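For reference, the structure discussed in these notes is given below.
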Amino acid sequence: MWWWENPYPDYAPGKRWTRHVIKASGGNKHHDQMFGDFDEDGRAELISWNQRAHALLMFEIPENPKTDAEWPVRVIYEWEGAEHEGLAAADIDLDGVADLVGGGRWFEHTGGGSFKPHIIDDGSRFSRAAVGQIVEGGRPEVVFAPGDINGSIRWYEWKDGGWIGHDLPIPDLIHGHSIGVGDVNGDGHADIFSAEMGQWGKQADGNNPIARLRVFYGKGTGKFTEQVIASGFGNHESRIADLDGDGDLDILGKPYNWKTPRIDVWINESPAKEKLPLDRWVRHVIDEEKPWRQGIGREPPTAGVLT
């Protein structure tokens with residue numbers, strides 16, 4: 001595993017990025033990675049599945065990551081049997097701490113860099129993962145989709161002390177390796193983004209000429225309306241994000257080996273949402289005795305101003 005240092009401030013087309021090592025030993029096949037502060041130490045860690053080692057790893061970022069020494073790592077979960085994949089992050093138990101989601105589970109930090117796995121659906125070990133407030137109120141919901149097999153998308157809600165699974169009405173999802181949750185149409189409710197792979201091998205059964213890219217528009221109640229955005233485009237880890245800076249979610253499409261190399265972009269042209277002008281904000285003092293809050297590397301502002 002490596003990370004690449006960008007050539008700031010020289011971004012000329014031919015300027016090379018500098019490669020630095022993260023890991024050069026142990027089992028290989030690191031299918032998913034994610035940065036975040038998951039052990040509550042105030043610093044980001046790198047989380048990675050290591051499929052050949054049957055382990056979920058947490059790497060601490062060194063003080064000087066440019067030394068090309070391997071990053072300190074610890075195993076936070078091990079398994080036997082079916083392969084695990086998929087990573088997402090959200091505060092699942094609403095304790096104010098970001099939790100990890102993947103492999104059909106969510107992982108609770110129990111202190112000292114230790115994590116406790118909680119099974120959501122053990123049959124979803126080999127799946128893509130996303131999290132969002134699909135049903136408004138309570139814990140966020142979890143979405144698992146088959147990324148390298150065929151099947152259906154399932155979303156799970158925490159209800160009466162357990163996880164209840166629901167199928168989206170598309171049992172024929174073909175290698176749905178792209179999944180995401182976000183408010184795509186700007187109505188204030190979470191939607192589910194899904195896209196299928198178009199080609200994943202040279203064999204005849206490794207092609208999906210009708211690969212579909214969809215959005216399931218949510219109503220905040222667990223009910224959805226489906227829209228096929230495009231078909232015939234291969235997708236592999238495609239993402240929803242605001243690409244043009246207009247405040248709504250667009251789609252960045254990236255295939256596996258379908259007509260590569262290429263990138264496709266779908267710009268969201270939903271009606272623009274009204275944005276609150278800067279001169280319409282009003283300051284309200286909550287507690288005069290707590291006029292400011294110390295932040296790392298920040299000076300306290302004028303007394304009475306909340307930050």
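Please read these numbers as outputs of a predicted model, since none were measured by experiment.
- Taking the six-membered ring for Trp and thresholds of 30 and 60 degrees, Phe115 and His109 have ring planes inclined between 30 and 60 degrees apart.
- Between Glu60 and Arg74, none of the side-chain N atoms (NZ, or NE/NH1/NH2) sits under 4.0 Å from a carboxylate O, so this pair counts as no salt bridge.
- Between His84 and Tyr77, the angle of the ring planes lies from 30° to 60°, which puts this pair in the tilted group.
- Distance alone, capped at 3.5 Å, is enough to place a donor-acceptor pair between the Asn268 side chain and the Leu249 backbone.
- With 3.5 Å as the limit, one finds no donor-acceptor pair spanning the side chains of Glu80 and His54.
- Of the possible polar contacts, none joining the Trp155 side chain to the Leu168 backbone as a donor-acceptor pair under 3.5 Å is found.
- Glu237 places no side-chain N or O within 3.5 Å of a backbone atom of Gly253 that could act as its donor or acceptor partner.
- In Tyr11, the OH atom is crowded: over 12 heavy atoms of neighbouring residues, nucleotides or ligands sit closer than 6.0 Å.
- Taking the six-membered ring for Trp and the full ring otherwise, the centers of Trp49 and Trp79 sit less than 6.0 Å from each other.
- With Asp99 contributing its side chain and Glu108 its backbone, the two residues share no donor-acceptor pair below 3.5 Å.
- For the residue pair Val97 and Asp95, the shortest heavy atom distance occurs at N-OD1, 3.0 Å.
- Under the 4.5 Å side-chain heavy-atom criterion for grouping Ile, Leu, Val, Met, Phe, Trp and Tyr, Ile170 is connected to Val143 within one hydrophobic cluster.
- Defined by atom type and a distance below 3.5 Å, a donor-acceptor pair is present between the side-chain atoms of Asp167 and Ser152.
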